[in-house]
Amino acid sequence: MTELQGLSHKNEKADRNGFEVQLGAFSGPLDLLCHLVESREMNPAELNLTELVSQYVRFLVSSKRTTLNEMAEFFSFASRLLLRKVHSLFPAQRDTADQQDLLDEDIFTDEEELRRMLEVFRPYRNGAAYMAALQRERERSFIRIADDESIPFYDLGDLYGLASLWWQLLDRYNEKRKIGDYCEESLWDDIPDAIPEERQVEERMEELLRSIRKKELGLSDLLGEKNKKMLIVTLLALLEMSRLGMVRITQSETLGDVLVAAV
Amino acid sequence: MQQSDENNRIGLLEKQVEAMLFVSPQPVSSQEIASYLGVSAARIENAVKTLRDIYAKSHGLTILFVSGGWQMATLPDLADTIEAFSNAVSMQRVRLSKAALETLSVIAYNQPVTRSEIEDIRSVRCDRVVDTLMKHGLVRISGRKKSVGSPLLFRTTDRFLEIFGLAGINSLPSLDELKDYRAEDDAFDSLERTHGSADEGDNYE
Amino acid sequence: MQQSDENNRIGLLEKQVEAMLFVSPQPVSSQEIASYLGVSAARIENAVKTLRDIYAKSHGLTILFVSGGWQMATLPDLADTIEAFSNAVSMQRVRLSKAALETLSVIAYNQPVTRSEIEDIRSVRCDRVVDTLMKHGLVRISGRKKSVGSPLLFRTTDRFLEIFGLAGINSLPSLDELKDYRAEDDAFDSLERTHGSADEGDNYE
């Protein structure tokens, strides 16, 4: 993660017209590719895969405020694009047995295939944009507020809807029994946040900076009382700050407290 | 209403008040509206008066003054029509709130079941919801449980089976039948799977 | 307004229709009203037209045509006022991520459609998004496809039409017509801003 951050810092400086990229603003790899094709005014009929891939990867590298999950998904797509290119340049490798499996999984074979994917995808992307506009317009009008918690309504007769609600409830119930004191947040909190996100680390960095700017603090103060997740995020934040030369970490005596000061 | 200029200005205020009364499920006092719109309560009173006049002239709606506030409602003359209509509509085209549908699912999968058992699973009270379900003929009382306080037991009705197109209560979808769309909640699970053989479309993560 | 009252005078039928639209929590079709009142649907259409004209002239309310029916709502111009007035109205809004909208568009145009068909088009996994859409009641399972593994089929719901202000699924322009549709620059702006606060922890998908 620190590597990626390092790269993105570099890129920001190198790329003068550098526009901010947030993967979260894209719905997926194809959405980003469409955006690239449009913003660079490439002719989809003359898609140059190499050029597109290199732009795509540059985009990913300069991407900001991105969760690791997002990044992973986009890079996985990018690597398949690259692999494809390699195979088209070195067709001989196709014979290797273990490469064969990879090829079978692959979804496109060349520019033609990628172009076809984009062509199929693009109208839906427009459809989504159109629907977003529709929704915004509709949301300017309000209907009467029902006096109970009856929004949203479910059409009766939707058997699968009924069934899935039950299985969700059961999940929640079992979870509740498992953890004893159940609170709705904690369920969602734990799942996607299991891997600390860059954003969390960045936020923590700012917090830490604010507290140590006033006075030098011991590591034990900074790591105290927090939960496990917070602990990891704090450690990552400290490492990153140290790497960037934002803090000075010292230990005055063996086994003494480690002191953290802002530089 | 004499001066066109004044008319227009009052027009916007009236529209705002009208829309507020429309969306609000409870009566709203002039003071409350006034504080939201940043005008005097007296101006609100005037606006409401104008609205009431407009509605009184020729509308199926009216503005009532109840428990210290204004509330939009249907004309008293139409009471019979409207009451019958709203029952008819809600029977014909039943739509349930999430709370109601959840409760229905608990009853369907666990029948016969008591109210406190339902509440245990949903961790919210459900007397009102159960009443709604009974009113719609989706749920019925099927007896009393032989335990302390002998609480009522609830079951789904034949109408329930009909509406959901079920041959019998045993045909309710199992967890397995829904696995097609249910999200894998465990992030690590999906990571692991990319290393193994990628079945279906899972190889994108 | 300055004309005589006669212009604004409406008949009993209009009043009834107005009151019905007022009480109904969901859109009501002309047929539904007609069959209830025992008059022709054409007469109802006319009555609604008269009401719409009256509302258009000087009211804070309007009558929408969504999901095949009529629905009373506040004027779009008053959106800010009403929003500030009542927190509860925000419940009527559904925040969807860009991925969710895209998936919804694939489902809307191809329904009924399986998850792997959606994934073929979007080239990313969609279980989480589909799950979210189902939770919001915008999409439902409509059965199983008769093919290998008999995967579940998904459809949009009436609520989908209501949320997007569509009279029916046919009111969406064809994909061909959208070929050159470009979103205004800020079309997704609000989405990005709320990106971190969607109800799903993992709102990317």
Side-chain angles (χ1 to χ4, degrees), chain B residues 1 4 7 11-25 28 32-33 36-37 51 54 57-62 72-75 77-79 81-86 88-90 92-93 95 98 101 173 177-185 187 190 200-205, chain C residues 1-2 5 8-10 12 14-20 22-26 28 32-33 36-37 54 58-61 72-75 77-78 81-82 84-86 88-89 114-116 119-120 123-132 134-135 137 141 144 149 151-152 154 158-159 202 205:
Chain B
M1 282 231 180
S4 67
N7 208 355
L12 175 63
L13 189 66
E14 281 163 351
K15 284 182 188 182
Q16 289 173 323
V17 173
E18 184 183 23
M20 284 169 152
L21 294 183
F22 171 78
V23 294
S24 177
V28 205
E32 208 179 323
I33 303 176
Y36 273 105
L37 295 177
L51 283 169
I54 292 172
K57 232 178 277 166
S58 63
H59 271 278
L61 306 174
T62 182
M72 248 174 126
T74 57
L75 273 192
D77 303 356
L78 302 172
T81 320
I82 296 310
E83 198 184 339
F85 169 76
S86 56
V89 165
S90 62
Q92 234 171 49
R93 218 166 124 172
R95 293 171 100 184
K98 185 173 183 192
L101 202 62
E177 287 176 76
L178 290 165
K179 73 171 185 318
D180 245 31
Y181 90 90
R182 295 202 76 210
E184 298 293 341
D185 279 341
S190 59
E200 315 169 64
D202 290 353
N203 50 341
Y204 302 128
E205 273 211 352
Chain C
M1 214 52 167
Q2 62 272 64
D5 291 347
N8 286 344
R9 255 207 222 295
I10 57 168
L12 176 64
E14 280 84 3
K15 287 185 184 179
Q16 287 176 321
V17 172
E18 184 184 26
M20 286 174 173
F22 176 80
V23 294
S24 175
Q26 66 237 349
V28 208
E32 272 174 288
I33 303 175
Y36 181 75
L37 291 178
I54 291 172
S58 67
H59 272 278
L61 308 175
M72 260 176 115
T74 59
L75 270 195
D77 298 352
L78 304 173
T81 314
I82 299 306
F85 168 66
S86 167
V89 292
T114 68
R115 206 188 82 196
S116 73
E119 289 175 347
D120 275 348
S123 89
V124 274
R125 280 187 64 179
C126 302
D127 45 358
R128 239 168 224 274
V129 211
V130 171
D131 199 28
T132 306
M134 300 236 324
K135 274 184 198 151
I141 299 171
R144 291 183 173 277
L152 295 173
F154 297 94
D158 286 347
R159 181 169 151 80
D202 184 1
E205 266 260 19

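Every chain is numbered from 1, with letters handed out A, B, ... down the list of sequences. In what follows, every heavy atom counts, from backbone to side chain, and hydrogens, waters and symmetry copies are set aside.
- Only the side chain of Val28(B) has a heavy atom closer than 4.5 Å to any heavy atom of chain C.
- Note that OG of Ser58(B) and CD of Glu14(C) are 9.5 Å apart. Values are rounded to the nearest 0.5 Å.
- The minimum heavy-atom distance linking His59(C) with His59(B) is given by the pair NE2-NE2, 3.3 Å.
- Interface residue Leu37(B): only side-chain heavy atoms are found under 4.5 Å from chain C.
- Between Gln16(B) and Asp77(C), every side-chain heavy-atom pair lies at or beyond the 4.5 Å cut-off.
- Inter-residue side-chain proximity for Ile82(C) and Phe22(B) is flagged as unmet; no heavy-atom pair is nearer than 4.5 Å.
- In this structure, Glu18(B) contributes its side chain and Gly60(C) its backbone to a donor-acceptor pair below 3.5 Å.
- Residue contact with chain C, scored on non-hydrogen atoms closer than 4.5 Å, involves the side chain of Leu78(B) exclusively.
- Note that CG of Leu75(C) and CG of Leu12(B) are 10.0 Å apart. Values are rounded to the nearest 0.5 Å.
- Remark: side-chain polar atoms of Tyr36(B) are not paired, donor with acceptor, to backbone N or O of Thr81(C) under 3.5 angstrom.
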